[in-house]
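Here is how names work: the chains are called A, B, and so on, in the same order as the sequence lines, proteins then strands, and each is numbered from 1.
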Amino acid sequence: MLRTLIRDALASEAPVADLTVCGWIRTRRDAKDVIFLEINDGSCLTNLQCVVDPDSPVREKLGGDGTGASLCVKGDLVASPGKGQRWELHAKTLRILGHADPETYPLQKKRHSDEFLRSIAHLRVRTNKYSSVFRVRARAAAAVHAFFRRNGFFWVHTPILTGSDCEGAGEMFRVTTLSPGEKDLSKDFFGHQCNLTVSGQLEAEALAMGLGRVYTFGPTFRAENSNTPRHAAEFVMIEPELAFCELPDLMDFAEDFVRSCVDEVLSTCPEELALFDRWVEPGLIDSLKTVAGENFARITYREAISILQKSGKNFEYPVSYGIDLQTEHERYLSEEHFKKPTMVTDYPRNIKAFYMRANDDGDTVAAMDLLVPRIGELIGGSQREERYDLLRDRILAMGQEASSYDWYLDLRRFGSVPHSGFGMGFERFIMMLTGVSNIRDVIPFPRTPGSLEF
RNA sequence: UCCCCAAUAGCUCAAUCGGCAGAGCGGGUGACUGUUAAUCACUAGGUUGGCGGUUCAAGUCCGUCUUGGGGAGCCA
């Protein structure tokens, strides 16, 4: 079944004889002297119009099949006399591969709600919107890898199964081979408790201490009962870790990273972005161009508090130095005050994770969050505490056993270096790129509390 | 986990004060047409999310459960 991708057929510079195309019928229009089939094979957003002569044997092969059926068509690619497309395929032979009963095939030639399509996640990739989302997802992943590769990074694979129950990033899923009711963890597969990872950061730090620049790009699991359009139980996180890097360099790097990837998707997915701009999020392309073209706003936590206090806004959560920024505060900063991606740095130590590097003021840590309009927190990162004594003290202050962090502390005992890194939720990045407002709609088969379909 | 809202035909939604279950789209049949969200006519299609209650009478009111959406928390 040697076939031409519709993407390539549509890009043709000249007519082509005897082209074979395979795909799914999106719509069928019958006329007296001609039948039009719009065929999509997923290679691009645009359908290929296929013309069938009702008096030909091809017509008999087509039968009554319409929307949803899969087929192979061989024919001549010729300039289309009709409006709306440059090329069309005049079918000479046709073979239906799989029927789709129109009475029961759920996808119609009309717009469906996201909620309904989510209930048929195995079929929604056959729609314009969702095929576009997943094409953009793949292109964005490629852009991420390309950026890191250009900048001397190595992709590392950190464990998905972990014996640590304190990676410091939320509730974990337990993994066990024990029978229900069996409590003796020494009889479990690993001889002790096992969880799904909530972050590859600690291991990435270790790898950065030899490879210099590394990044993770893989699955992450959070057992938090979060029911919001921005959280999933299983998602993909990107965590670069840079040796010999302090916070200001990390900020420059993070900004360069986001802007480069946005820019690359703008140039590789114009059709898809145009569809999102038209149907999903008006103004999307302009806002992405702004992200790619303008510097991000940068403020310290202290400045953020000051801006919020002077805003005249009546926030539900009162603003004072020392509080953690709430969603309403983050939205005000990035959506109303700066109206663009905003980096907030140097948070009070006691609202941030133990591994963040203490600043000289004795009060704040070298942390950095990137707040993006519509998305919220896209990136959270920091310079890591590389000083053994200070890190151990923080672990003890949390009430943790230092022995649980032996290997992590070792990184500070042997050739410790200043280093920094951040985590970016890949799906949140896709939401930003596509304008899709629910994380469940940028993951092919999303896992959320109470939902494990497909 | 908390607060608010919703659930009616395959899909999207109407149904006035508690009083005969409706439309558009999609499907089927036919007509028409180099069409492109095609158009026109006809037609089929319902345990009004589940369970319980109030009432002469419940899609409508009450309780509860389930599912979904929005907001919050947690975070990426």
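If you check every strand for non-hydrogen atoms under 4.0 Å, Ser119(A) touches nothing. At a threshold of 4.0 angstrom between heavy atoms, the contacts of Ile238(A) with the nucleic acid are absent. Gln201(A) comes within contact range of no nucleotide atom at all, as no heavy-atom separation falls under 4.0 Å. Residue Phe36(A) is in base contact, counting any heavy-atom pair closer than 4.0 Å across all strands shown. Counting non-hydrogen atoms under 4.0 angstrom, His231(A) reaches a base of the nucleic acid. The residue Tyr317(A) sits close only to the backbone: its heavy atoms come under 4.0 Å of sugar-phosphate atoms, none of a base.
When distances run from any side-chain atom of Asn438(A) to the nucleotides G34(B), G69(B), C11(B), the shortest one goes to G69(B). Checking A72(B), C11(B), U1(B) against the side-chain heavy atoms of Gln108(A) singles out C11(B) as nearest. The side chain of Ser80(A) sits closest to U35(B) out of U35(B), G69(B), A38(B). If you check G73(B), C75(B), G34(B) against the side chain of Pro81(A), the one that comes closest is G34(B). The Asn227(A) side chain lies nearest to A72(B) when the options are C75(B), A72(B), G27(B). With G70(B), G34(B), G69(B) as the candidates, the nucleotide lying closest to the side chain of Arg118(A) is G69(B). Listed nucleotides: G69(B), C74(B), U33(B). Nearest to the side chain of Thr228(A): C74(B).
Considering Leu37(A), Ile35(A), Val34(A) as possible partners of Val51(A), the one that fulfils the side chain to side chain contact (heavy atoms under 4.5 Å, CB included) test is Val34(A).
G49(B) sits 13 Å from C11(B) when the P atoms are compared, rounded to a whole Å. Comparing A57(B) with G19(B), their P atoms sit 14 Å apart, to the nearest whole Å. Across the C1' atoms, G63(B) and G27(B) are found 40 Å apart, a figure rounded to whole Å. The C1' atoms of A21(B) and U8(B) are separated by 9 Å, rounded to the nearest whole Å. Comparing the same atom, C1', in A31(B) and in C20(B) gives a spacing of 35 Å after rounding to whole Å.
In this entry U16(B) has no Watson-Crick or G-U wobble partner, no candidate having both defining distances under 3.5 Å. Nucleotide U67(B) forms a pair with A6(B), judged by Watson-Crick or G-U wobble geometry with both contacts under 3.5 Å. Across all strands shown, A41(B) forms a Watson-Crick or G-U wobble pair with U29(B), both key distances being under 3.5 Å.
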Return a table of donor-acceptor pairs under 3.5 angstrom between the side chains of residues 64-83 of chain A and protein atoms on other chains or two or more places apart.
| from | atom 1 | to | atom 2 | distance (Å) |
| --- | --- | --- | --- | --- |
| Asp65(A) | OD1 | His99(A) | ND1 | 2.9 |
| Asp65(A) | OD2 | His99(A) | ND1 | 2.8 |
| Thr67(A) | OG1 | Arg26(A) | O | 3.3 |
| Ser70(A) | OG | Gly98(A) | N | 2.9 |
| Ser70(A) | OG | Gly98(A) | O | 3.4 |
| Asp76(A) | OD1 | Asp18(A) | N | 2.9 |
| Asp76(A) | OD1 | Lys92(A) | NZ | 3.1 |
| Ser80(A) | OG | Gly82(A) | N | 3.3 |
| Ser80(A) | OG | Gln85(A) | NE2 | 3.0 |
| Ser80(A) | OG | Glu88(A) | OE1 | 2.9 |

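Remark: Glu294(A) engages Lys340(A) in a salt bridge, criterion side-chain N to carboxylate O under 4.0 Å. Residues Arg139(A) and Glu272(A) are not paired through a salt bridge, judged by the lack of any N-O separation under 4.0 Å between the basic side chain and the carboxylate. The pair Glu427(A)-Arg137(A) meets the salt-bridge criterion, with a side-chain N (NZ, NE, NH1 or NH2) lying under 4.0 Å from an Asp/Glu carboxylate O.
Taking atom CZ of residue Arg111(A) and atom P of nucleotide C13(B), one finds them 12 Å apart after rounding to whole Å. The separation between Gln49(A) atom CD and G34(B) atom P is 13 Å, rounded to whole Å. The nearest whole Å value for the distance from the CD atom in Glu171(A) to the C1' atom in U1(B) is 12 Å.
Side-chain contact annotation: Asn359(A) with Thr364(A), donor-acceptor N/O pair under 3.5 Å present.
Atom CG of Leu378(A) and atom OG1 of Thr342(A) lie 12.0 Å apart (nearest 0.5 Å).
With hydrogens and angles ignored, a donor-acceptor pair under 3.5 angstrom links the side chain of Gln85(A) to the base of U35(B).
Remark: Ser226(A) is not in phosphate contact with C75(B), judged by side-chain N or O atoms under 4.0 Å from OP1 or OP2. The side chain of Arg29(A) contributes no N or O atom lying less than 4.0 Å from OP1 or OP2 of U36(B). Contact annotation: Lys32(A) side-chain N/O to U33(B) OP1/OP2 distance is under 4.0 Å. Proximity of Thr327(A) to the phosphate of G73(B): a side-chain N or O atom is located under 4.0 Å from OP1 or OP2.
C40(B) takes the anti form, because its glycosidic angle lies more than 90° either side of 0.
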